[in-house]
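Just so you know, these numbers come straight off a predicted model, no measurement behind them.
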Amino acid sequence: DALAARKVVLPYVVGIAISADFPQYTLLMWFGKRSKRAYFDYASATPLCAEAAQAMHEAERFVGNPGAIHAEGVAAMHSLNDSRETIAKHLGVKAREIVFTSGLTESNNLAILGHFRGLPVAQRQGAHVVTLSTEHKAVLAPVARLERDGVRASVLQPGPTGRIELARFEAALRPETRLASLLHVNNETGAIQPVEAIADGLSDPDVYFHVDAAQSFARLLPPLRHARIDLISISAHKIGGPQGVGALILKSGGISIQDRLVRGGGQERGARAGTENVAGILGFAAAAKVAATKLAEDAKRFLTLVESL
């Protein structure tokens, strides 16, 4: 009867909730107690790996502020420095070149806005930035902000494969170009941009190259070690680390953050004020260490899965 039918159907109701980015929608599905769910949205966020969870649990012993000069604070700072060393090792950069942030969005904003807003008004008005239309909003939004401040932007459309043609990218560069920003691996399409080839072609030292490595850090490391890449944004929760932790790599001798977005103390070499998230950063470093050691193993496993499809 109708009542019996409702008892069967209702546990499997599919509901639609309007997200904050109206008119986009989030599909919420309830499958009942007996159903099993498989999580595949690793491009958005990965489950916290056991090593990261353990590192964060052990961080409870660091009770001091890492900016304090007493023993507890010094111990916390040492743990942060160890984490910098771990992450720096995988990217082939110096530990002092790593600025910890609250995540990739902050890292991208710091890289893009932090430099341009520190330029003299006359230079800012004539400056130029190059990026792609398929970038994450964390890049497109600050670029749009720069345009309102007088910076000119070339937002290029990639080809049918999602990749930008090298010749088209190079043609967009101008004498007044001060920054190029690219998402290394697209989180929706999987398209991999030729960041190495682009870096090879950047002969003008005044053009700084920023790479959003959200999806490629600890997975596709060799291109990120290119000496001509000046800034790299990375995030913990894409590689098995906790949410709310990221970093911006500022290569020595390259770009400098001339205008801090978050003002206050002198943490992170003055680039980002605020007490560091010690537990989150330790979890980030632990996840990076695990992810890097599993690269070859994962590559072999993924290749097997692709060939079986």
Student check: side-chain heavy atoms of I112 and V139 closer than 4.5 Å: yes
Mind jotting down which residue pairs meet the salt bridge (Lys or Arg N to Asp or Glu O under 4.0 Å) criterion with at least one end in [range]? Sequence neighbours excluded, please.
range	answer
residues 149-158	R145-D149
residues 198-215	none
residues 98-114	E106-R272
residues 68-91	R84-E268

Geometric class of the F284/F100 ring pair [parallel <30°, tilted 30-60°, perpendicular >60°]: perpendicular
Separation of L248 CG from E97 CD (nearest 0.5 Å): 11.0 Å
Look only at the side chain of [X] and the backbone of [Y], and say whether a donor-acceptor pair between them is shorter than 3.5 Å.
X	Y	answer
T177	L173	no
R163	I192	yes
Q193	G162	yes
R228	L202	yes

Shared hydrophobic cluster, L224 / I98 (ILVMFWY, side-chain heavy atoms < 4.5 Å): yes
Among E51, E58, H57, side-chain hydrogen bond (donor to acceptor under 3.5 Å, both in side chains) partner for Q54: E58
Residue from N109, N108, T101 passing side-chain hydrogen bond (donor to acceptor under 3.5 Å, both in side chains) with S233: N108
Test side chain to side chain donor-acceptor pair (under 3.5 Å) applied to T86 - qualifying residues, sequence neighbours left out: none
CA sep, side-chain torsions, deciding dist, call: R168, Q157, side chain to side chain contact (heavy atoms under 4.5 Å, CB included): CA-CA 10 Å; R168 188 154 181 249; Q157 185 71 28; 4.1 Å; yes
side-chain contact (heavy atoms from CB on, under 4.5 Å) against S235, all qualifying residues, sequence neighbours excluded: L104, H237, K238
